[in-house]
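From a predicted model like this one, the values you see are computed outputs, not experimental measurements. In what follows, chains carry the letters A, B, and so on, assigned in the order in which the sequence lines appear, proteins first and then strands, with residues in each chain numbered from 1.
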There are 2 protein chains.
Amino acid sequence: MRRHFAIISSMPKRSSAATLADIALHAQVHKTTASRALDPERRHMVSPEVVGRVEAAARALNYRVNRAASALRTGRSGTVGVLLPDITNPVFPPILRGIEQALAAEGFFVLVADTGNEQAPDQAADRMLAQRVEGLIIATSSLHDPLVERLVRDQVKVVLVNRRDEDGSLPAVVSDDMLGMKLAVDHLVSIGHRRIAHLSGPLALSTGSLRQAGFRQAMAAHGLEPAGFAECDAYSCDAGEDGTRRLLDSEAEFTAIVAANDLIALGAIQALQAQGRKVPQDVSVVGHNDMPLMDRVSPPLTTVRILHYEMGFRAARLLLDSLRGVPGTTSTVVLRPELVVRGSSAPL
Amino acid sequence: MRRHFAIISSMPKRSSAATLADIALHAQVHKTTASRALDPERRHMVSPEVVGRVEAAARALNYRVNRAASALRTGRSGTVGVLLPDITNPVFPPILRGIEQALAAEGFFVLVADTGNEQAPDQAADRMLAQRVEGLIIATSSLHDPLVERLVRDQVKVVLVNRRDEDGSLPAVVSDDMLGMKLAVDHLVSIGHRRIAHLSGPLALSTGSLRQAGFRQAMAAHGLEPAGFAECDAYSCDAGEDGTRRLLDSEAEFTAIVAANDLIALGAIQALQAQGRKVPQDVSVVGHNDMPLMDRVSPPLTTVRILHYEMGFRAARLLLDSLRGVPGTTSTVVLRPELVVRGSSAPL
DNA sequence: ATGAAAGCGCTAACAT
DNA sequence: ATGTTAGCGCTTTCAT
């Protein structure tokens, strides 16, 4: 096309974007030389004077390398895919931000798929692989995830974030879920609670399963039995309300609830108040995650703070290292959570 | 490479990903035919029987089209860039989700850049253009945005979301900011308030500017003068606290505040309470956006609900139409907000 | 230090 | 309905 126009007349500028050939022409060098001059990694092979000419030409023609072409040639697309279950869940934005900033610093881009309900993560992953992403960061995985297993079989570079696989064989960046629950239980015990119930997340997820195990272990360490238990089928307020109603119906007696997640905790508070039980006077509630705004809900939520941003950032770094063949990138990074005491828990 | 291996020995399967040539070989057709058979748009040119053979081969070899190659050939990358100022601001996740789902439905991918503080949106946009995104959805633009002007000059397809440009010449999907403020003011007036102050957002942004104008206009319609005004330099709790302190220092007398945004409203409540003023008994506060969790903060926030998800969804649709050359895609879509009355506002 | 040639994998245009 | 040819724009050999 452009060539065609060029023959007809000297076009005003470019009918489409400038290419290396244009730069080469303008700077009076071969396009190979132009390519080298514009790449910091290979610039040293070119005389400073030529580098100057090429850069000037690139600026004059508003040149931008065509990543589709270089991706085809080199096999590197400069993109990484991120699979999220639901970006509107407040846990994920800071994770995504950490991922994005770690990758942007190295010139990589993030392709995001919010796999939500309708669209299966499998499809999203396949489309991403067609886009030739160099690796995948997955926040959607369950303990036994067929998708993840398939990806690993296909030798796709994968890092899990916020979730881990059953046998811990995949690189993952997570918070110490067992420790988090211990912090919550220890806090409640220290202010006098003995009858403590647990609202778990989905047990098919590592977070749900590990936090439940952490709860039981922490209780046992104090010589206590769980005073009640209900599994919530999602990390949402609704699921928390529902789980709490089941807990109340079971006629379990408890003075405190440890929830697997802040949203579940908010649902629990809602359900308790609907039954006339005051939080924290009648029942203390502790969440997990310390999502944004948890200091401003009513009552302000006592919770376990997780380093979301850092989780995303380190997951991205782990993937970058793995792409560059740095050894030891199969390791799992476990971040240390901390307790944040607010108004939803009170001495018995 | 692969060719090389193939000569040495019959490799176990593929040393790298299968290509069209592999499929063609396997299905005993020319690769052009294979290409046609795998593309729904061109499948009709191929006999059903051959389509079957090709599809079987593709499945057997786990074939995925190389988008880098097809992007180079067709000039279409199947990606769209999204520029966000801060994904951790709760306004943006639902917008991003709407964008993502509208685009995914058409086989497009989203490249996200969180331009935050450090990295200029300009750089992100340039890198995206190098990636050959087919268009850009921008949520970061100010009223006079040099970046947007440059992009338009370069004929980049751009849609603004949640923000608009000064003269409304660019396609944009926004909420009716003036109407939103009228809803807030009318509500307060209807429950007896007369002395109403405004905490605006940054006036360089269309939302800040239009909401301020909407506030003044709505007040004037009731024959009222603004009882006080402060510009907040960001849409954040901190900026809201700061603005409220300035309002209080100015010794303006008011019984209600209309904030340009929920986070600013939360900051205002914080600052008022710190001065011993109760919300809503002493001062009513109305927010804007109805971010997630605004029904659970203390007191539950009266606010103006914006259709964030739909805003993102329609912005993406607008861009898709524009990419396909549908006429009339320069139009601006204005969505209708609605008032949500909760506990932060009360009769005088 | 620079240039020439080749080809990544795909699809559009042109045969047959 | 299928095949042939060519080339998108880049970077990696391999010369010079």
Check ion pair A/Glu149-A/Arg153 (N to O, under 4.0 angstrom):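 Not counted as a salt bridge, because no side-chain N and carboxylate O are separated by less than 4.0 Å.
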
Gap between atoms [atom1] and [atom2], on [X] and [N] respectively (whole Å):
| X | N | atom1 | atom2 | result |
| --- | --- | --- | --- | --- |
| B/Glu41 | C/dT11 | CD | P | 12 Å |
| B/Arg53 | D/dA1 | CZ | P | 15 Å |
| B/Asp22 | C/dG9 | CG | P | 8 Å |
| B/Met45 | C/dT11 | CE | P | 13 Å |
| A/Leu61 | D/dG9 | CG | P | 14 Å |
| B/Gln28 | D/dT2 | CD | C1' | 14 Å |

Under 4.0 Å protein heavy-atom contacts per nucleotide of nucleotides 10-16 of chain D, with B for base, S for backbone only and - for none: BBB----

Salt bridge (Lys or Arg N to Asp or Glu O under 4.0 Å): pairs with one or both residues in residues 159-170 of chain A, sequence neighbours excluded: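 Residue pairs passing salt bridge (Lys or Arg N to Asp or Glu O under 4.0 Å), neighbours aside: none found.
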
Pairwise salt bridge (Lys or Arg N to Asp or Glu O under 4.0 Å) hits with a residue in residues 65-85 of chain A, at least two apart: none

Angle of first-five versus last-five pair axes in the helix from C/dA1-D/dT16 to C/dT16-D/dA1, to 10 degrees: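 Answer for the end axes of this duplex: 30°.
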
Please table the atom pairs, donor to acceptor, closer than 3.5 Å between any side-chain atom in residues 130-141 of chain A and protein atoms at least two apart or in another chain.
| from | atom 1 | to | atom 2 | distance (Å) |
| --- | --- | --- | --- | --- |
| A/Gln131 | NE2 | B/Ser77 | O | 3.4 |
| A/Arg132 | NH1 | A/Leu129 | O | 3.1 |
| A/Arg132 | NH2 | B/Arg64 | O | 3.4 |
| A/Glu134 | OE2 | A/Ser77 | N | 3.0 |
| A/Glu134 | OE2 | A/Gly78 | N | 2.6 |

Residue list, salt bridge (Lys or Arg N to Asp or Glu O under 4.0 Å) with B/Asp86, at least two apart or on another chain: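 Only A/Arg97 meet the salt bridge (Lys or Arg N to Asp or Glu O under 4.0 Å) criterion with B/Asp86.
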
Qualifying residues under side-chain hydrogen bond (donor to acceptor under 3.5 Å, both in side chains), relative to A/Arg314, sequence neighbours excluded: none

Side-chain N,O (A/Thr33) to OP1/OP2 (C/dA1) below 4.0 Å: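 No.
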
A/Gln155: partners by side chain to side chain contact (heavy atoms under 4.5 Å, CB included), with sequence neighbours left out: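 If we apply the side chain to side chain contact (heavy atoms under 4.5 Å, CB included) test to A/Gln155, skipping adjacent residues, there are no hits.
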
Could you list the donor-acceptor pairs under 3.5 angstrom formed by side chains in residues 23-34 of chain B, with sequence neighbours left out?
| from | atom 1 | to | atom 2 | distance (Å) |
| --- | --- | --- | --- | --- |
| B/His30 | ND1 | B/Thr32 | N | 3.1 |
| B/His30 | ND1 | B/Thr32 | OG1 | 3.1 |

